[in-house]
Protein chains: 2
Amino acid sequence: MTSNIPEVVILRLPLYARVLRGLADRGEDVVSSQRLGDLLHSTPAQIRKDLSYFGRFGKQGRGYRVDHLLRELRQIMGLERQWSVILVGVGQLGKAILTYGGFAPQGFHVVAAFDSDQSLVGTSVGSLTVQASGELAETVKQHQPQLAIVAVPGHACQSVVDMVVRAGIKGILNYAPHQAQVPEGVWVRDIDPVGALQSITYYLKPNGS
Amino acid sequence: MTSNIPEVVILRLPLYARVLRGLADRGEDVVSSQRLGDLLHSTPAQIRKDLSYFGRFGKQGRGYRVDHLLRELRQIMGLERQWSVILVGVGQLGKAILTYGGFAPQGFHVVAAFDSDQSLVGTSVGSLTVQASGELAETVKQHQPQLAIVAVPGHACQSVVDMVVRAGIKGILNYAPHQAQVPEGVWVRDIDPVGALQSITYYLKPNGS
DNA sequence: TGCAGTCTGTGAAGTTTGTCACGAATTAGG
DNA sequence: CCTAATTCGTGACAAACTTCACAGACTGCA
């Protein structure tokens, strides 16, 4: 039974949560869909409609209580718990991801890092020791992480994805420039900065307005 | 006059180009929309429709010539030229971006890096020397870069975006966790790994299928 | 208490995006 | 040359998504 909530809506939830966090930090108690729309470059109707998929969180004549709505959203997205993440690929990108401080505050903890390069295995990056790819299945069985970050070259992506999927991982954040094939029930999001730039240049190309 | 080609189509073009590059590397001459669809997890009809917005590149009974279609797509996206990029924010993330080897092969060259932290200004990262943010306008005037990568903390994002926009930049790749406001005619793409993970956990939350 | 003003939640309408299915072009093999 | 097998390009159709617009709920003030 796949839920009937559009995926585009799910993709917007993190943005809503982020903006609400900002409002909470600035001590704002209540926010209207109008105001949220301004902050998100979206429309009030869109925001109300999106939220209505999950329940009724606002109050007519007032708006939404910031802390309440934020808690609800975090609940909906499953963020009221910690998530364990493994990293595969400890090259430059992988190292940057390991030392990046943005994941942990949101409850995503990298608990193990793997690489196929034997000269990396055993070295320390941040607080982790790089493990051999061969140990992945065993380590996953022990720590039961739910997510994997893949930061390997494009040509290695599919085999790495296959490996983590076989180990039981159901969510993958893929930095490799490759569309990985995954079975039903496994979720992949691609991070593609180069593609993002390329889709910008399309609009800049006819130079002028 | 905004073009009437859907933005979703434009966002798919880089993926098409990437897959075609892979096929070209493997020496394949011709590819059908069926095959492309398999590789992209898309449908043949979608691909034919997308391509038809730009012209007629295929041949009935055969398919698309890989090298020809790739060249056409690169032309369409404006990739048959080099693009100059500036980086703002030379923290851990910024440094990783500077040393990342994925941009240059696609024609995106980082020509200058800026940071507001005086202790970073003057230091070398990769082949660049970090400049003070105050020099940005002047440097942009000289080098005429078309794109900017923003890799600063969320709270600094908007002011940095304002600055690069004022300097004349029309395309921004934003790594900061903040939805920047930009005037008409400026294009922003956000890179949001944390948000991507959060939209995955939504689906994993009801643990089971 | 009553009234004017605000703002949500939601069916219905409208728009955008994706799929279907078929004519026409091309190839390959007698 | 003729026929069977492919495959594109595209208008018509369907599905998905967004916007509209309004009833109903709440607030604040006199």
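Bear in mind that the values here come from a model prediction, so they are computed numbers and not experimental data. Lettering follows sequence order; numbering is per chain, from 1.
Of the candidate nucleotides D:dC17, D:dT10, C:dT17, C:dT17 has the atom lying nearest to any side-chain atom of B:Val8. Checked against D:dT19, C:dG9, D:dA12, the side chain of B:Lys49 finds its nearest nucleotide in D:dA12.
Under the 30°/60° scheme for interplanar angles, the aromatic rings of B:His68 and B:Phe57 are found to stand perpendicular. Ring planes of B:Phe108 and B:Phe103: perpendicular class, angle over 60° (limits at 30 and 60°).
In this model, the phosphate group of C:dG9 is approached by a side-chain N or O of A:Tyr64 to a distance below 4.0 Å at OP1 or OP2. Checking the phosphate oxygens (OP1, OP2) of C:dC7, no side-chain nitrogen or oxygen of A:Ser33 falls inside 4.0 Å.
Taking the nucleotide of DNA chain C with the nearest heavy atom to each of A:Ala45 and B:Ala45, the more 5' of the two is matched to A:Ala45.
Between the side chains of A:Gln181 and B:His41, a donor-acceptor pair is found at a separation under 3.5 Å. A donor and an acceptor atom, one from each side chain of B:Thr139 and B:Gln131, are located under 3.5 Å apart.
Not one N or O on the side chain of A:Asp192 forms a donor-acceptor pair closer than 3.5 Å with the backbone of A:Ala196.
Residue B:Arg12 is classed as a sugar-phosphate contact, given heavy-atom separations below 4.0 Å to backbone atoms only. At the heavy-atom level, B:Arg48 lies under 4.0 Å from base atoms of the strands shown.
Straight-line distance from the CG atom of B:Leu51 to the P atom of C:dG18: 14 Å, rounded to whole Å. Between the CD1 atom of B:Ile5 and the P atom of C:dT16 there is a distance of 15 Å, rounded to whole Å. Rounded to a whole Å, the OH atom of A:Tyr53 is 9 Å from the C1' atom of D:dA16. The CD atom of B:Gln46 sits 16 Å away from the C1' atom of D:dC8 (whole-angstrom rounding). Separating the CG atom of B:Leu69 from the C1' atom of D:dT7 is a distance of 14 Å, rounded to the nearest angstrom. Rounded to whole angstrom, the span from the CG atom of A:Leu36 across to the P atom of C:dC7 amounts to 12 Å. At whole-Å resolution of the value, CZ in B:Arg65 and C1' in C:dT26 are 15 Å apart. In this structure, CD1 of A:Ile10 is placed 15 Å from C1' of D:dA16, rounded to the nearest angstrom.
By the 6.0 Å contact criterion, CZ on A:Arg62 is open, its count of non-hydrogen atoms from other residues, nucleotides or ligands being 12 or less.
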Could you pull out the protein-nucleic contacts involving nucleotides 26-30 of chain D (nitrogen or oxygen on both sides, under 3.5 Å)?
{"unit_1": "D:dC26", "atom_1": "O4'", "unit_2": "A:Gln60", "atom_2": "O", "d": "3.2"}

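Under the 6.0 Å distance and 45° angle rule, A:Arg81 counts as a cation-pi partner of A:Trp83.
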